[in-house]
Amino acid sequence: MSKPTPISGFPEWTPAQRMIEQHVLERIRDTFERYGFAPLETRAVEPLDQLLRKGETSKEVYLLRRLQADPDGPAGDDALGLHFDLTVPFARYVLENAGKLQFPFRRYQIQKVWRGERPQEGRYREFLQADIDIVDRDTLAPHHEAEMPLVIGDALRSLPIPPVRIQVNNRKICEGFYRGVGISDPEAALRAVDKLDKIGPARVADLLTATAGATEAQAKAVLALAEISAPDASFADAVNALGVSHPLLDEGLAELVQVMQTAAEHAPGLCVADLRIARGLDYYTGTVYETQLIGYERLGSICSGGRYDNLASAGAVAFPGVGISIGVTRLLGLLFGAGALTISRPVPTCVVVAVTSEAQRAVSNRVAEALRARGICTEVAPSAAKFGKQIRYAERRGIPYVWFPGTDEGADEVKDIRTGAQVSARAEVWQPPAADLRPVVS
RNA sequence: GUGGCUGUAGCUCAGUUGGCAGAGCACCGGGUUGUGGUCCCGGUUGUCGUGGGUUCAAUUCCCAUCAGUCACCCCA
């Protein structure tokens with residue numbers, strides 16, 4: 001039996017990293033609930049036709065198959081696949097349960113998702129997303145699109161991570177503009193523009209003429225739009241100055257102005273209107289978001305989403321929505337890789353109770369019980385080794401306190417092994433400083 | 001999924017033009033007979049990613065595979 005090896009794209013963290021992850025998830029969850037989003041979990045699998053409803057992600061969907069399944073059997077639309085995001089399952093859930101839900105429906109969902117892509121730093125095949133969405137029946141007020149970045153801004157600012165910049169665009173602006181200048185294939189144009197940062201304007205212009213059927217003048221106009229970026233609503237003037245008009249363009253401009261104005265009031269500096277942002281899944285129809293970790297821009301967006309009008313519809317009833325999702329695994333992977341996220345100790349334990357002798361272990365157990373009853377994470381030393389060894393057991397794990405049960409008449413004593421200070425104490429009342437109670441993430 | 005680069009101890013890395021595998025840090029034991037960290041002495045780190053092939057002999061050369069990473073694709 002050879003040594004097991006990792007599976008590409010399926011990260012497994014250390015306990016210290018998992019504690020950091022749990023801390024991060026707790027803060028994110030707290031923020032989501034503070035904005036009134038209700039928790040939801042959906043199953044890991046969806047029927048394939050649900051997953052593929054929206055286009056060309058088929059190759060990255062993992063299929064679920066029984067070992068004993070008939071290999072020649074139909075693997076059609078009713079086959080099951082692991083979900084590759086949380087928005088599509090959510091849309092399905094809304095349709096399925098519309099009768100029980102109150103609209104507008106606000107929910108958050110923090111779950112694993114799976115994508116069969118080639119892994120590299122910050123890109124995994126199994127990863128955790130923390131997603132919020134708001135859906136309404138028939139129509140969804142545009143102000144919800146302005147709320148998304150505020151929630152995310154609060155959530156991410158509650159974490160010990162570098163500041164973020166949320167880049168916002170609106171697909172109606174791009175599409176309306178492209179139509180306004182007469183581009184035949186707006187989607188190809190979007191894809192080309194999206195590469196602006198990577199390959200530069202000259203090659204994007206080439207791409208535009210090659211794949212989107214643009215003339216030189218059209219490519220120039222498209223690039224001029226893509227290069228517009230502003231920390232406030234002034235982007236609209238810049239767009240208007242280009243002299244293109246189209247109803248869809250005006251609609252998009254009005255919506256993005258509202259997002260930017262709201263952001264400017266509640267979270268100055270958080271959002272940037274960036275008209276080159278095109279990304280996200282292809283079901284987005286309005287506002288789109290992408291998020292850069294400042295200092296880690298090269299490694300991609302750690303949080304993105306947008307408005308979708310057609311994802312959930314059943315017959316005549318439509319449920320337009322808007323959502324955004326934090327790529328928790330990517331965020332953590334990047335920061336772990338950079339050594340930028342640490343925790344003060346790799347175990348929750350605050351106190352190790354020393355064991356004087358195996359015959360006296362019950363005494364130590366009683367001390368531990370008294371401490372735990374008051375919320376102090378406590379373990380009893382694994383063996384009645386020499387006290388030096390027991391102290392070292394704590395030291396190796398970063399556990400700050402070792403408790404020595406008193407012998408005979410002598411009182412119990414607790415030692416802060418960082419300072420060496422040792423004082424007599426009673427398990428019923430002793431309290432560590434608040435900063436030592438739990439591991440601190442920074 | 002396509003292509004490039006990389007893979008030696010827990011970590012950071014040496015090394016062999018093919019000849020029984022090394023250093024520092026970390027870890028373990030002792031000095032220190034029940035209070036760690038400093039210091040001194042000693043010890044173990046290992047299927048040289050894995051599996052084949054060539055060879056008297058492979059960690060070294062060849063092939064495949066796995067993993068990591070980069071680019072493409074796409075995206076959190």
Side-chain angles (χ1 to χ4, degrees), chain A residues 1-12 14 28 55-62 83-87 109-131 152 156 164 190-191 194-195 198-199 207 277-284 288-293 296 298-306 323-334 337 339 352 354-358 360 381 383-405 407 413-422:
Chain A
M1 190 65 171
S2 59
K3 191 176 170 182
T5 55
I7 298 175
S8 188
F10 292 77
E12 294 183 313
T14 62
I28 290 173
E56 317 218 5
T57 42
S58 57
K59 12 174 217 193
E60 55 183 45
V61 171
Y62 278 107
H83 57 225
F84 60 86
D85 72 3
L86 299 177
T87 308
Q109 201 168 334
I110 301 175
Q111 286 180 245
K112 291 272 179 68
V113 306
W114 295 268
R115 290 181 195 172
E117 295 180 287
R118 177 76 123 237
Q120 47 187 271
E121 189 177 21
R123 321 185 52 180
Y124 304 95
R125 289 176 160 168
E126 177 181 74
F127 58 97
L128 201 54
Q129 285 195 325
D131 189 294
I152 295 303
L156 295 179
V164 299
L190 265 185
R191 254 192 289 282
D194 189 47
K195 300 189 196 307
K198 246 178 201 169
I199 65 178
L207 260 184
I277 299 303
R279 293 187 163 190
L281 287 311
D282 49 9
Y283 45 65
Y284 296 130
V288 291
Y289 316 95
E290 198 163 298
T291 308
Q292 304 291 326
L293 237 203
Y296 298 80
R298 289 233 146 236
L299 296 160
S301 172
I302 53 141
C303 174
S304 67
I324 188 165
S325 196
I326 302 175
V328 178
T329 307
R330 168 175 288 182
L331 177 63
L332 294 175
L334 298 181
V352 168
V355 174
T356 308
S357 69
E358 283 305 328
Q360 298 295 307
S383 76
K386 289 197 283 191
F387 283 164
K389 293 269 184 60
Q390 300 195 45
I391 291 171
R392 193 157 67 181
Y393 174 92
E395 193 218 347
R396 292 285 124 90
R397 290 162 179 76
I399 299 166
Y401 296 97
V402 175
W403 189 284
F404 298 101
T407 48
E413 296 193 340
V414 64
K415 178 188 186 86
D416 180 337
I417 65 174
R418 296 159 301 186
T419 63
Q422 186 165 333

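Chain letters run A, B, ... following the sequence lines, proteins first and then strands; every chain starts at 1.
- Whole-Å rounding puts the Lys389(A) NZ to G37(B) C1' distance at 15 Å.
- Residue Arg397(A) contributes atom CZ, which lies 13 Å from atom C1' of C27(B) at whole-angstrom precision.
- Within 4.0 Å (heavy atoms only), Tyr124(A) reaches at least one base atom of the nucleic acid.
- Checking the phosphate oxygens (OP1, OP2) of C28(B), a side-chain nitrogen or oxygen of Arg396(A) falls inside 4.0 Å.
- The nucleotide whose nearest atom lies closest to any side-chain atom of Gln120(A) is, among C70(B), A67(B), C74(B), C70(B).
- As rounded to the nearest Å, G7(B) and C63(B) have P atoms that lie 16 Å from one another.
- Among the heavy atoms of the strands lying under 4.0 Å from Gly420(A) is at least one base atom, whether or not backbone atoms are also near.
- Both key distances under 3.5 Å define a Watson-Crick or G-U pair, and stretches of 3 or more such consecutive pairs in RNA chain B run B:1-7 with B:66-72, B:10-13 with B:22-25, B:27-31 with B:39-43, B:49-53 with B:61-65.
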Problem set entry | Where protein sits on nucleotides 1-7 of chain B, one letter per nucleotide: B base, S sugar-phosphate only, - none, heavy atoms under 4.0 Å | BBB----
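- Using a 4.0 Å heavy-atom cutoff across all strands shown, Gly333(A) reaches no nucleic acid atom at all.
- Distances shown here put every side-chain N or O of Thr5(A) at or beyond 4.0 Å from the OP1 or OP2 atom of C66(B).
- Distance OH (Tyr393(A)) to P (C27(B)): 16 Å, rounded to an integer number of Å.
- Between Arg123(A) and Glu117(A) a salt bridge is recorded (basic side-chain N to carboxylate O distance below 4.0 Å).
- Taking atom OH of Tyr296(A) as the reference point, atom P of A76(B) lies 21 Å away to the nearest angstrom.
- Look at Ser8(A) and you'll find a side-chain N or O under 4.0 angstrom from OP1 or OP2 of G68(B).
- Remark: the separation of the C1' atoms in G22(B) and G1(B) is 41 Å, to the nearest Å.
- Computed from coordinates, the Ile326(A) CD1 to A76(B) P distance equals 13 Å when rounded to whole Å.
- In this structure, Val352(A) reaches neither bases nor backbone, as no heavy-atom distance under 4.0 Å exists between it and the strands shown.
- Distance Ile7(A) CD1 to U65(B) C1': 15 Å, rounded to the nearest Å.
- Nucleic acid contact for Glu395(A): base, since at least one base atom lies under 4.0 Å from a heavy atom of the residue.
- Taking CD of Gln129(A) as the start and OG of Ser304(A) as the end, the distance is 8.0 Å to the nearest 0.5 Å.
- For Arg418(A) and Tyr401(A), the positive end sits near the middle of the six-membered ring, less than 6.0 Å away and at most 45° from its axis.
- Distances shorter than 4.0 Å separate some side-chain N or O of Lys195(A) from OP1 or OP2 on C74(B).
- Both thresholds, 5.5 Å between centres and 30° between ring planes, are met by Phe127(A) relative to the base of A76(B), so the two rings are stacked.
- In this structure a side-chain-to-backbone donor-acceptor pair under 3.5 Å is missing from His83(A) to Val61(A).
- In this model, the phosphate group of U32(B) is not approached by any side-chain N or O of Lys386(A) to a distance below 4.0 Å at OP1 or OP2.
- At least one cation-pi condition fails for Arg125(A) and Phe127(A): the charged atom is not both under 6.0 angstrom from the six-membered ring centre and inside a 45 degree cone around its axis.
- For C72(B), the OP1/OP2 oxygens have a side-chain nitrogen or oxygen of Lys198(A) closer than 4.0 Å.
- Between the base of U35(B) and the side chain of Gln422(A) there is a donor-acceptor pair shorter than 3.5 Å.
- Under 4.0 angstrom from either OP1 or OP2 of G36(B) there lies no side-chain N or O belonging to Lys415(A).
- Remark: Gln129(A) is not in phosphate contact with A76(B), judged by side-chain N or O atoms under 4.0 Å from OP1 or OP2.
- Residues Ala384(A) and Ser357(A) come closest through the heavy atom pair CB-CA, 3.6 Å.
- Comparing Arg330(A) and Arg418(A) by the nucleotide of RNA chain B that holds the closest heavy atom to each, the one mapping nearer the 5' end is Arg418(A).
- Spacing between atom CD1 of Ile391(A) and atom P of G36(B) amounts to 6 Å, rounded to whole angstrom units.
- Leu299(A) places its CG atom 11 Å from the P atom of U69(B), with the value rounded to the nearest Å.
- Heavy atoms of Ile417(A) sit under 4.0 angstrom from at least one base atom.
- Checking A67(B), U69(B), A76(B) against the side-chain heavy atoms of Arg115(A) singles out A76(B) as nearest.
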